[in-house]
Amino acid sequence: MSPDRTTILDARALSRALQRMAVEVLELARGTDDLVLIGIQRRGVELAERIAKLIEKEEGVIVPRGALDITLYRDDLETIGPKPVIGETRIPADLTGKHVVIVDDVLYTGRTVRAALDELADFGRPKRISLCVLVDRGGRELPIQPDIVGTPVKVNGGERVDVLVEEIDGRDEVELVKTGGGSR
Amino acid sequence: MKSAVLGKDLLGLERLSPDQIRLVLDTAEPFKEVSERPIKKVPALRGKTIVNLFFEASTRTRISFEFAEKRLSADTVNVAATGSSVQKGETLVDTAKNLEAMRIDMVVIRHPSSGVAEFLGNRIRSNVINAGDGQHEHPTQGLLDLLTIRDKHGRIEGLKVCLVGDVLHSRVARSNIWGLLKLGAEVGVCGPDTLMPRGIEELGVCRFRRIEEAVEWADVLNVLRLQLERMEKGFIPSLREYYRVFGVTVERLERAPRRLTIMHPGPMNRGVEIDSRVADGSHSVILDQVTNGVAVRMAVLYLLAGGRPELAAAAKRASPPGPLSTSWRGGTTGAPE
């Protein structure tokens, strides 16, 4: 491991965190009756899939899951420019009356979650929406808090959190990366 | 990542690189899903004002653009040549500058003269989208045709696509030829000599004089509209004669060695360039073209609206891309969340 990358969670620790998160999702939703897991593109989708599978193993029921790409709900198209390729948005069914759990890899400013809440509202009126993230790195710019956290990470200026998942990156790991840059 | 992915204006496919064309097609994919949602609308272009400036009759293209704009939450205004100050002799640039003085962001223009979109694009700050200029290009039609072919066949490269009919007067044909060649398709043209531009082969397309040859050769036939006024000007002897020689009929398709895909940009003259049984038959993807038109136009509007290179460059400097930040939200929090 190069000196500017520090492992926060290795593959086994990540797997344990997901198992605990799956249990917490079940407790929060009081079972699976109205539960829908929605992953945020891209790594949130993979994490939601894993949590759903863990719940299935535990409870023996299929949990509906979907994917959300919030690109078109961002508030910074002007400054950032269009994202080259927008991911798939797939909502399993009408969300009205459901308990939706949003799953994402890293919670930072909260702007992604804000966009996700806006987008979900266009697919129905869930009875409750909860937020489940693998890493909470602080630095919120909006009044948004997670309900379930895999691990909190303190991130200083010039550092960044990378979440790697097998399906996309070839291995499971959470790393703290020194970017040497400024305040981010 | 390049921010001004298409530049300021969309004038034609001749100017676009293969990568830029693929980018529009790939961006159109997720927009298809937006039109299937219970609420067919996303806020991506909220606050943008778009003027649809149509100097020529159009139903499909104008409505398709309007749906695309509205589904992206832009505010739209339609200006038709009739009933506007154009009738009082105002020049195009004056009209556009007056619109700009009302703080618009984009102009979608359809005009009977070739080159008007570029002329306008060079003179106003707003993004200009060519919705058909004379006999020059109709880029969004070319893009939606490419998307429809890709949907149906899973690829464009290596396919044989033949444009049938009035290639001479057709901006749809030109946009198709550029787009298809850039993405690696083989392109044919078939129609009466009077309706073929001279030297068309120099573009790298094959020329078929008989429709039977085209049917034998092609995977896809894109049947062009025969504008009825062409007959009056003596390009063809009669509509009946045209249908007899060049009409795309069930009998002709039955002799095709492979299953052909039939496209038509509309509006169709049933019984002139195309047999009704073909237009409504299982080979036809004509209505898929219309559905894809909205998605492609949403993609173009979205890509042009984000094209503020100086701002994007500043944003990029603020957050240097990490090794994994090829995707935006990816696993990295260095990129703006």
Side-chain angles (χ1 to χ4, degrees), chain A residues 40-44 69-91 94 104-113 115 118-119 121-124 135 137 139 141 155 159-165 168-169 173-175 177 179-184, chain B residues 1-6 22-23 26-31 33-34 36-48 71-73 298-299 302-337:
Chain A
I40 297 184
Q41 290 281 8
R42 295 170 63 203
R43 287 164 183 79
D69 189 304
I70 54 87
T71 306
L72 300 172
Y73 286 73
R74 293 172 67 96
D75 53 14
D76 54 5
L77 175 64
E78 280 274 298
T79 45
I80 305 300
K83 186 187 162 191
V85 176
I86 302 164
E88 179 193 27
T89 291
R90 173 172 33 87
I91 301 298
D94 185 3
D104 204 0
D105 52 356
V106 178
L107 178 61
Y108 179 23
T109 61
R111 289 180 190 270
T112 299
V113 176
D118 283 355
E119 185 158 15
D122 286 349
F123 286 96
V135 176
R137 58 156 291 179
E141 294 169 1
V155 178
E159 289 176 340
R160 186 183 79 215
V161 179
D162 281 359
V163 171
L164 295 90
V165 296
I168 296 170
D169 310 294
E173 196 170 345
V174 177
E175 292 176 342
V177 184
T179 56
S183 58
R184 278 186 188 266
Chain B
M1 180 179 34
K2 216 170 131 202
S3 75
V5 281
L6 296 182
R22 277 185 217 106
L23 174 70
D26 292 344
T27 304
E29 285 298 334
F31 284 116
E33 179 265 326
V34 172
E36 306 297 329
R37 291 184 185 189
I39 295 176
K40 303 178 193 49
K41 208 179 182 70
V42 293
L45 260 58
R46 212 157 54 97
K48 298 275 184 193
R71 286 178 191 175
L72 290 170
S73 304
M298 287 171 85
Y302 171 71
L303 291 169
L304 289 181
R308 295 279 300 274
E310 67 289 353
L311 293 176
K316 241 192 288 184
R317 274 196 299 278
S319 60
L324 294 166
S325 62
T326 45
S327 127
W328 273 29
R329 289 180 315 286
T332 69
T333 51
E337 195 176 337

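In what follows, chains are A, B, ... by sequence order, proteins preceding strands, each numbered from 1.
When the candidates A:Asp122, A:Ile168, A:Val174 are compared by the number of heavy-atom contacts under 4.5 Å with chain B, A:Asp122 comes out ahead. For the set A:Ile91, A:Asp118, A:Thr89, the entry with the most heavy-atom pairs within less than 4.5 Å of chain B is A:Thr89. Most heavy-atom pairs under 4.5 Å with chain A, from the set B:Ser73, B:Ala299, B:Ala44: that is B:Ala44.
Salt-bridge annotation for B:Arg37 and A:Glu119: present, with a side-chain N of the basic residue lying under 4.0 Å from a carboxylate O of the acidic one.
In this structure, B:Glu33 and A:Glu88 have side chains that are not in contact, with every pair of non-hydrogen atoms separated by 4.5 Å or more. Counting only heavy atoms from C-beta outward, the side chains of A:Val135 and A:Asp105 never approach each other to under 4.5 Å.
Evaluation of the salt bridge (charged side-chain N to carboxylate O under 4.0 Å, His left out) rule for A:Asp94 yields no partner, not counting sequence neighbours.
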